[in-house]
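Treat the numbers as computed from the prediction; the structure is a model and nothing was measured. For ligands, and for the atoms within them, numbers begin at 1 and follow the listed sequence.
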Amino acid sequence: MADLRIEVASHAGVCYGVERALKLAAHAAESARGSVTTLGPLIHNPIVVRDLESAGVKGAQTVDEVESGTLIIRAHGVVPQVIDQARAKGLEVLDATCPYVKKVHMAAEKLVREGYQLIVVGESGHPEVEGILGHAGDAAHVVSTPRDLDGVDLARKVGVVVQTTQTPANLAAIVSALALRTMDLRVVNTICSATQERQDSAAELASRADVMIIIGGKNSGNTRRLAEICMDRCPRTHHIEDSSEIQRTWFEGVALVGITAGASTPGAHIDAALACINRLLEP
Ligand code: F3S
């Protein structure tokens, strides 16, 4: 295995919004008076959630479960009523909603204020989409494919915002279906490039690598998607949560090992995987 090379994808690991939420949570754990609780898991990464718990940051599913202290709102955001409810209970609210998600909230509010019927391109029931709907009034529709527009009574003025993790191709398909059915169409493209960048660089690396290692929570949708993309191009793809899962036998007859990680995987987990591979390859 003397000539083996290891390459990390050009875009891998935590995105800006998740990193910011993690820093806010770590700071709260150190400095807040009273208990610190996140509403839902802060990120889809069991190791990070465990580390946060050891630092004193608990998790709760609803505001009702939290008696006192600081409540952290995760990067996906929530409906405004949740923040109101927490403040009314006297909780200190630490809003870690990603600024890019906040932009979607503001765009939705503005379109509704200006009289547009709102279409949210996204996955129905996803927490980010629920949060957007909370800023969009009662008449908004969630559309995940052009087919979902069948049977929707469209107004003369239609405004579109997009869940940050949607693909440009899906947005384009929905916008072209809408364009023929309304007079005045306003599209605010709120897609965040972080997801696409991770997928594109994973695909590029997987098409050259002999073995791919994808690091991140098994419960993380974006990490699982990276693993699928890599598996299509590199059959020797392994999705791991922890570097202790890496095995020496994976590298037999291998010239290039590619590594990538989901948007909820801290850089320290990538470093740990690199250190582990180097250790396993020691003669
Ligand atoms: Fe924010 Fe984009 Fe990450 S919207 S949470 S930076 S994927």
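Donor-acceptor pairing under 3.5 Å is recorded for the side chains of Asp64 and Gln85. A donor atom on one side chain and an acceptor atom on the other are found under 3.5 Å apart for Thr164 and Glu128. Judged by distance alone, the side chains of Gln196 and Asp200 do bring a donor and an acceptor atom under 3.5 Å apart.
A salt bridge links Arg208 to Glu7: at least one charged side-chain nitrogen sits closer than 4.0 Å to a carboxylate oxygen. Ion pairing of Glu53 with Arg50 is absent here, as no side-chain N (NZ or NE/NH1/NH2) approaches a carboxylate O to less than 4.0 Å. A salt bridge is defined here as a Lys NZ or Arg NE, NH1 or NH2 lying under 4.0 Å from an Asp or Glu carboxylate O, and Glu245 with Lys218 meets this definition.
Take a cut-off of 2.8 Å around atom 1 (Fe) of ligand 1: the protein N, O or S atoms inside it are Cys98 SG.
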